[in-house]
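Quick caveat, the model's predicted, so the values are computed rather than measured.
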Amino acid sequence: MSRLALSDEILLSVEKPARYIGNEVNMVKKDPDNVDIRAVFAFPDVYEIGMSHLGMQILSHMFNEREDVYCERVFSPWPDLHQILKEKNIPLFALESQDPVKEFDWLLMTLQYEMCYPNILQILDLSHIPLKSEDRTEHDPIVIGGGPCACNPEPIAEFFDLFYIGEGETVYDQLLDLYKKHKNSGSYRREEFLREAAHIDGIYVPSLYNVAYHKDGTIASFAPKEPDVPLKVVRQVVEDLSEVLYPDKPVIPFLQIVQDRVTLEIQRGCIRGCRFCQAGMIYRPLRERSLEYLEEKAYAMLENTGYGEISLSSLSSSDYTHIEELISDLIGRLQDDHVNISLPSLRIDNFSLDVMQKVQDVKKSSLTFAPEAGSQRLRDVINKGLTAREILAGAQQAFWGGWNKVKLYFMLGLPTETEEDMHSIAQLAEDIAECYDEIPKENRMGKCQITVSTSFFVPKPFTPFQWCPICDKKDFLDRAHIVNEAIKSQPRHKRIRYNWHHADVTMIEGILARGDRRLSDVLIRVYEKGGIFPAWTEYYDDAVWSEAFKESGVDVQFYTTRERGKEEIFPWDFIDSGVTKEFLWREWERAQKGETTPNCRMQCSGCGANRFMGGVCYEDSH
């Protein structure tokens, strides 16, 4: 085993030392002295979360396929090690080589959710890298951000040298080649590299743009500092997912992680057009991987890892054209190896009992469905495309198949929501419980258990709801109380359990999701006050955030309860995501009228994503 950055004494004093030692099965090993570029991929959360992220595995594999690049990994140290690294002045290090992060050429961070933002500063600080891009020198790594939150990079723009906007399989090779040219020129200057990098499609360099504001706080202008800097940054999209690299040998952790299984992405994007869903909009158009590609990768990953479970991942797995054929083929080949097949993201209207009976163990686990709203009126507002009849039919079919546990996910605070809509959540849960009573006793598998969970709605960029306000904390909690009391009043309430999300965290997420550069000072203050890991209930401190907003002079209501006008310039408007702002506004207007929009396979809605020349937009042309 290679040398470790931490002594045995330190490793024995922290929780789960296996998070920090590397050397896992399938870990890539290269000689750092024999490559041109050293990159380290950071996930700003704990090891068990980061190692479950498929995108990190895909990009690390893609980088390491190049002989001139060595890509390693780093994760946010848990608070116990964070304190030790600060006290002993030990620099944060990469897992593979155990070398300090500061010594690398690139530090890449994937931004999966807004509540990880303070941990971005943690990684920079512990790595001894200046927090702000403007303070870095040629001796510091190029700090790169990417992932879904990069679709509005402005709240964290000052912390990154550049952002990669879009899917990583497209132009990273071009960016690596450019950096290699500059590094080997003998006169490397980071400013020159960044300026040239800004001309690569999908690359956003925040330092090359100016923002001006109106007196009311809205954006007056967002423009490049120089004429040759692109006015718009075009989001990068993979046209054919069956032609790109995919990791055949995923790294196997020493400890159990959140997604402790092989993950196979069967498609990217979604046809459904749910108006609250950012992923469904920014990953348009839906693109499927070929059946042959998926089977080849599935068998290779299972053979190279020894895992006993494979997850067929996508935003809506049951929309994959060849889903039944894929599952049948996998079961036929894997049944003797006792490999379990996990099929998340099923839609209750496409529920296939035959498929589910094949992939579930003899002991039925609970089924999870997401109606999102209790009433048909509100489901039409959000364009969910589910009727009560379909929901109840799917639940009854599941009960006949031997399931007795159902989890239902809803959102509170959706646009136009009324008290009647809230009561409808309780009524729908009651109706599903009643379906179980219709099953003959000899066919039931124990008592019926229904878990209702509500999260609080957060408007996100590049969705039709990006214009609408978010509820305040009291309003959110009042709505949860209404649902709670409504469930208690149902005849079968003893079968129904109700959980709801934390309103404090939702408010912060809402501010960061649609925020601008003026929030950078807030985030620095939060970090300096010890506000790391705010996504974790035990570490979230609302007082820390409240103090940071107050000290920074930020008006919370400006980012939350205020409704946006049609002509307002958003912080993310400089990004061309493929889906046009005109389409999103049309959908916002249709939502307020309760009008639904057909899914992409039923009818093209003219969203603009057909410019990417692939996927569902061109299925009928083949």
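Around the CD atom of Glu303, the shell of radius 6.0 Å holds no more than 12 heavy atoms that belong to other residues, nucleotides or ligands. Around the CD atom of Glu67, the shell of radius 6.0 Å holds no more than 12 heavy atoms that belong to other residues, nucleotides or ligands. Annotation: Gln256, atom CD; neighbour count of heavy atoms from other residues, nucleotides and ligands within 6.0 Å does not exceed 12. Applying the 6.0 Å contact sphere to NZ of Lys407 captures no more than 12 heavy atoms from other residues, nucleotides or ligands.
Side-chain contact check for Asp260 and Tyr307: at least one donor-acceptor pair (N or O, by modelled atom type) lies under 3.5 Å. Side-chain polar atoms of Tyr540 and Asp504 form no donor-acceptor pair below 3.5 angstrom. Side-chain atoms of Thr321 and Glu288 form a donor-acceptor pair, as typed in the model, at a separation below 3.5 Å.
A salt bridge does not link Arg379 with Glu390: none of the charged nitrogens is closer than 4.0 Å to a carboxylate oxygen. For the pair Arg287 and Glu265, the salt-bridge criterion is not met [side-chain N within less than 4.0 Å of a carboxylate O]. Residues Arg601 and Asp319 are not paired through a salt bridge, judged by the lack of any N-O separation under 4.0 Å between the basic side chain and the carboxylate. One finds no salt bridge joining Glu295 and Arg333 here, because no Lys/Arg side-chain nitrogen approaches an Asp/Glu carboxylate oxygen to under 4.0 Å. Salt bridge present: Glu72 and Arg38 bring a charged side-chain N and a carboxylate O closer than 4.0 Å. In this structure, Glu96 pairs ionically with Arg73, as a charged nitrogen and a carboxylate oxygen lie closer than 4.0 Å.
Arg444 contributes a side-chain N or O that, together with a main-chain N or O of Ile439, makes up a donor-acceptor pair within less than 3.5 Å. Judged purely by atom type and a 3.5 angstrom limit, Asn119 has no side-chain atom pairing as donor or acceptor with the backbone of Ile532. With hydrogens and angles disregarded, a donor-acceptor distance shorter than 3.5 Å links the side chain of Arg495 to the backbone of Ala433. Asp80 places no side-chain N or O within donor-acceptor distance of the main-chain N or O of Val14, the cut-off being under 3.5 Å. Here the side chain of Asp125 pairs no donor or acceptor atom with the backbone of Leu121 at under 3.5 angstrom. In this structure a side-chain-to-backbone donor-acceptor pair under 3.5 Å is present from Asn152 to Ala513. At distances below 3.5 Å, not a single donor-acceptor pair connects side-chain atoms of Lys29 with backbone N or O atoms of Asn23. Under a 3.5 Å cut-off, the side chain of Asn304 and the backbone N or O of Asp248 do form a donor-acceptor pair. The closest donor-acceptor contact from the side chain of Gln267 to the backbone of Ser316 lies under 3.5 Å. Formation of a donor-acceptor pair under 3.5 Å by the Gln98 side chain with backbone atoms of Ala5 is found in this model.
Closest non-hydrogen pair, Ala398 versus Leu367, comes out as CB-CD1, 3.4 Å. In terms of heavy atoms, Ile432 sits closest to Ala395 at CG2-CB, 3.9 Å. In terms of heavy-atom proximity, Glu48 sits nearest to Ile257 at O-CB, 3.5 Å. For the pair Ser313 and Thr263, the tightest heavy-atom approach, listed with the atom from each and the gap, is CB-CG2, 3.8 Å. Scanning both residues, Pro148 and Gln112, for their nearest heavy atoms gives CD-NE2, 3.4 Å. A pairwise comparison of heavy atoms in Thr110 and Pro44 identifies O-CD, 3.3 Å as the closest pair.
Relative ring orientation between His82 and Tyr527 is described as perpendicular, the plane-to-plane angle rising above 60° on a 0-90° scale split at 30° and 60°. Under the 30°/60° scheme for interplanar angles, the aromatic rings of Phe163 and Phe160 are found to be tilted.
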Apply the test side chain to side chain contact (heavy atoms under 4.5 Å, CB included) to residues Tyr164 and Leu108: give CA-CA distance (whole Å), side-chain angles for both, the deciding distance (0.1 Å), then the verdict.
-> CA-CA 10 Å; Tyr164 185 109; Leu108 305 102; over 6 Å; no
Check against side chain to side chain contact (heavy atoms under 4.5 Å, CB included), Val28 and Cys71 | CA-CA 8 Å; Val28 176; Cys71 185; over 6 Å; no
How far apart are the C-alpha atoms of Tyr113 and Asp45, what are their side-chain angles, what is the distance that settles it, and do they pass the side chain to side chain contact (heavy atoms under 4.5 Å, CB included) test?
-> CA-CA 10 Å; Tyr113 34 87; Asp45 207 327; 2.6 Å; yes
Starting from the C-alpha separation in whole Å, work towards a yes-or-no answer on side chain to side chain contact (heavy atoms under 4.5 Å, CB included) for Phe399 and Asn443.
-> CA-CA 9 Å; Phe399 292 148; Asn443 294 102; over 6 Å; no
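Looking at Ile508 and Pro534, their side chains never come closer than 4.5 Å, going by heavy atoms from C-beta outward. Between Pro371 and Leu428 the shortest side-chain heavy-atom distance falls below 4.5 Å. With contacts defined as side-chain heavy-atom distances shorter than 4.5 Å, the pair Phe462/Lys460 does not qualify. Annotation: side chain of Arg289 is not in contact with side chain of Ile266 (no heavy-atom distance under 4.5 Å). Trp106 places a side-chain heavy atom less than 4.5 Å from the side chain of Leu176. Between Tyr299 and Leu330 there is a side-chain heavy-atom pair separated by less than 4.5 Å. The side-chain heavy atoms of His61 and Gln57, taken from C-beta on, include no pair separated by under 4.5 Å. Using a 4.5 Å cut-off on side-chain heavy atoms (C-beta onward), Val262 and Val339 make no contact.
Between His53 and Phe43, a ring centre-to-centre spacing shorter than 6.0 Å is recorded. In summary, the aromatic rings of Trp78 and Tyr20 are positioned with their centroids too far apart to meet the 6.0 Å limit.
Interatomic distance, NE2 of His338 versus CG of Asp336, reported as 7.0 Å (0.5 Å rounding). Rounded to the nearest 0.5 angstrom, Arg235 CZ and Ile282 CD1 are separated by 5.0 Å. The line from CD1 of Ile21 to NZ of Lys16 is 14.0 Å long, rounded to the nearest 0.5 Å. In this structure, the separation between CE on Met51 and CD1 on Ile252 is 9.5 Å, given to the nearest 0.5 Å. Distance check, rounded to the nearest 0.5 Å: CD1 of Ile341 to CG of Leu312 gives 6.5 Å. The CD1 atom of Ile156 lies 7.0 Å from the SG atom of Cys116; values are rounded to the nearest 0.5 Å.
Residues satisfying the side chain to side chain donor-acceptor pair (under 3.5 Å) test with Arg275, not counting sequence neighbours, are Glu587, Thr597.
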Return a table of donor-acceptor pairs under 3.5 angstrom between the side chains of residues 445-458 and protein atoms on other chains or two or more places apart.
{"unit_1": "Thr454", "atom_1": "OG1", "unit_2": "Tyr498", "atom_2": "OH", "d": "2.7"}

